[in-house]
Participant: 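Here it is, the structure, as structure tokens.
Keep in mind the model is a prediction, meaning the values are calculated, not measured.
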Amino acid sequence: MPAYSEPSSTMVDNSSYLDSSLMNFSNEIWTAACWWATAINKAAPSLSAVTINKFRDSLLTGLKTRIESHWYVENPIKGQGYRALVCAETTDALLLNAAEASGIGASNFRKIFPSETVMWIDPGNVSYRHGQMYEKQIYPSEESSSPR
């Protein structure tokens, strides 16, 4: 699986890009959408930047809709299953819808991204697992959580 690349901090903090209703969980969904877009881009480098950005933006919109009424800062584990993105035998509709909206197509998405991956998007934390053994936290990154 391609390695995750941290999105630039200027894009994460770009409040003109993300509407104000996203501000409670903008870093988390931005990190998640960028991770999937980066993974697809690395697995299929022939896809255009426009296509990858359309995928990311469509996924952002879908995540906002899914998460906005299932975000519990005081109890981050509550609603965790609902906020999870799954790419396995059954692939999450948000991923397939983003693939369709971007022109990648659902069947091509499954060819590009065949591995079993689960991503959890929780208040203050985004992590993913490949298969049954590998898990990695991607938000906050060690760099962003260390004192400056």
Side-chain angles (χ1 to χ4, degrees), residues 1-44 47 51-145:
M1 179 60 205
Y4 168 72
S5 297
E6 183 79 21
S8 71
S9 60
T10 56
M11 299 217 42
V12 172
D13 296 331
N14 187 348
S15 58
S16 64
Y17 177 78
L18 296 173
D19 71 51
S20 61
S21 66
L22 292 173
M23 288 301 127
N24 290 337
F25 42 85
S26 62
N27 288 337
E28 291 89 338
I29 67 169
W30 179 257
T31 299
C34 286
W35 185 89
W36 287 98
T38 299
I40 290 169
N41 190 43
K42 288 183 177 184
L47 292 173
T51 298
I52 297 299
N53 289 339
K54 282 182 183 178
F55 174 86
R56 181 201 62 211
D57 294 348
S58 178
L59 188 55
L60 277 168
T61 301
L63 285 169
K64 175 196 176 286
T65 301
R66 176 182 286 180
I67 288 175
E68 63 189 350
S69 60
H70 296 277
W71 196 253
Y72 308 99
V73 175
E74 69 288 347
N75 187 5
I77 293 174
K78 182 178 179 181
Q80 187 178 57
Y82 190 76
R83 295 186 306 266
L85 285 175
V86 178
C87 182
E89 286 181 37
T90 303
T91 300
D92 195 290
L94 288 182
L95 295 169
L96 297 178
N97 291 344
E100 287 294 332
S102 65
I104 293 170
S107 62
N108 281 340
F109 176 82
R110 292 300 295 142
K111 290 176 189 170
I112 293 167
F113 206 95
S115 64
E116 185 175 308
T117 301
V118 179
M119 177 177 279
W120 295 274
I121 306 164
D122 299 320
N125 183 57
V126 178
S127 58
Y128 68 93
R129 182 184 70 210
H130 289 302
Q132 296 300 315
M133 302 228 243
Y134 176 73
E135 188 168 328
K136 180 171 180 166
Q137 177 179 319
I138 57 175
Y139 177 84
S141 68
E142 289 181 16
E143 181 180 294
S144 68
S145 61

Participant: How far apart are the C-alpha atoms of Glu100 and Leu96, what are their side-chain angles, what is the distance that settles it, and do they pass the side chain to side chain contact (heavy atoms under 4.5 Å, CB included) test?
Facilitator: CA-CA 6 Å; Glu100 287 294 332; Leu96 297 178; 5.7 Å; no

Participant: List the steps and the verdict of side chain to side chain contact (heavy atoms under 4.5 Å, CB included) for Thr117 and Trp35.
Facilitator: CA-CA 12 Å; Thr117 301; Trp35 185 89; 4.0 Å; yes

Participant: So does Ile104 get a backbone contact from the side chain of Asn108, meaning a donor-acceptor N/O pair under 3.5 Å?
Facilitator: yes

Participant: Between Glu135 and Ser127, what is the shortest heavy-atom contact and its length?
Facilitator: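 That would be OE2-OG, 4.0 Å.
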
Participant: Starting at CG of Asp57, measure out to CG of Leu59 and round the result to the nearest 0.5 Å.
Facilitator: 9.5 Å

Participant: Going by salt bridge (charged side-chain N to carboxylate O under 4.0 Å, His left out), name the pairs with one or both residues in residues 78-94, residues two or more places apart or in two chains.
Facilitator: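 Applying salt bridge (charged side-chain N to carboxylate O under 4.0 Å, His left out) to every pair that reaches into residues 78-94, excluding sequence neighbours, yields Arg66-Asp92, Arg83-Asp122.
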
Participant: How about Trp120 and Tyr128: are their ring centres within less than 6.0 Å of each other?
Facilitator: no

Participant: Val118 versus Leu85: any side-chain heavy-atom pair under 4.5 Å?
Facilitator: no

Participant: Report yes if some heavy atom in the side chain of Trp71 is under 4.5 Å from a heavy atom in the side chain of Pro123; otherwise report no.
Facilitator: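 Yes, side chains in contact.
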
Participant: Please find the pair of heavy atoms, one from Leu60 and one from Ile29, that lie closest to each other, and give the distance.
Facilitator: CD2-O, 3.7 Å

Participant: Quick one: pull up CG in Asn125 and CD1 in Ile138 and give me the separation to the nearest 0.5 Å.
Facilitator: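 The distance works out to 9.0 Å.
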
Participant: Any idea which heavy atoms bring Ala101 and Ser58 closest together, and the distance?
Facilitator: CB-OG, 3.6 Å

Participant: Within this structure, what is the CZ-OG1 distance for the pair Arg56 and Thr51, rounded to the nearest 0.5 Å?
Facilitator: 12.5 Å

Participant: So Trp36 and Phe55, ring pair (Phe, Tyr, Trp, His ring centres under 6.0 Å) or not? Walk me through it.
Facilitator: CA-CA 9 Å; Trp36 287 98; Phe55 174 86; 7.7 Å; no

Participant: Can you name the closest pair of heavy atoms from Ala32 and Met119 and give their distance?
Facilitator: CB-SD, 3.5 Å

Participant: Is there a side chain to side chain contact (heavy atoms under 4.5 Å, CB included) between Leu47 and Ile112 once you walk through the steps?
Facilitator: CA-CA 11 Å; Leu47 292 173; Ile112 293 167; 4.0 Å; yes

Participant: Looking only at non-hydrogen atoms, find the nearest pair between Gly124 and Glu28 and report the distance.
Facilitator: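 Shortest heavy-atom separation between Gly124 and Glu28 comes out as N-OE2, 2.6 Å.
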
Participant: Applying side chain to side chain contact (heavy atoms under 4.5 Å, CB included) to Gln132 and Glu116, what does each step give before you reach the verdict?
Facilitator: CA-CA 9 Å; Gln132 296 300 315; Glu116 185 175 308; 3.1 Å; yes

Participant: Indicate whether any N or O donor in one side chain lies under 3.5 Å from an N or O acceptor in the other, for Asn27 and Tyr139.
Facilitator: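 Note: Asn27 and Tyr139 side chains meet the donor-acceptor criterion.
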
Participant: Name all residues meeting the side chain to side chain contact (heavy atoms under 4.5 Å, CB included) criterion together with Ser107; count only those two or more places apart in sequence or in a different chain, and write none if there are none.
Facilitator: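 Per chain and number, Ser107 pairs via side chain to side chain contact (heavy atoms under 4.5 Å, CB included) with no residue.
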
Participant: Taking atom types as modelled and ignoring hydrogens, do the side chains of Thr91 and Arg110 form a donor-acceptor contact shorter than 3.5 angstrom?
Facilitator: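 Present: a donor and an acceptor within the cut-off.
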
Participant: On the 0 to 90° scale, with breaks at 30° and 60°, tag the Phe113-Phe109 ring pair as parallel, tilted or perpendicular.
Facilitator: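 Geometry flag for Phe109 against Phe113: parallel rings.
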
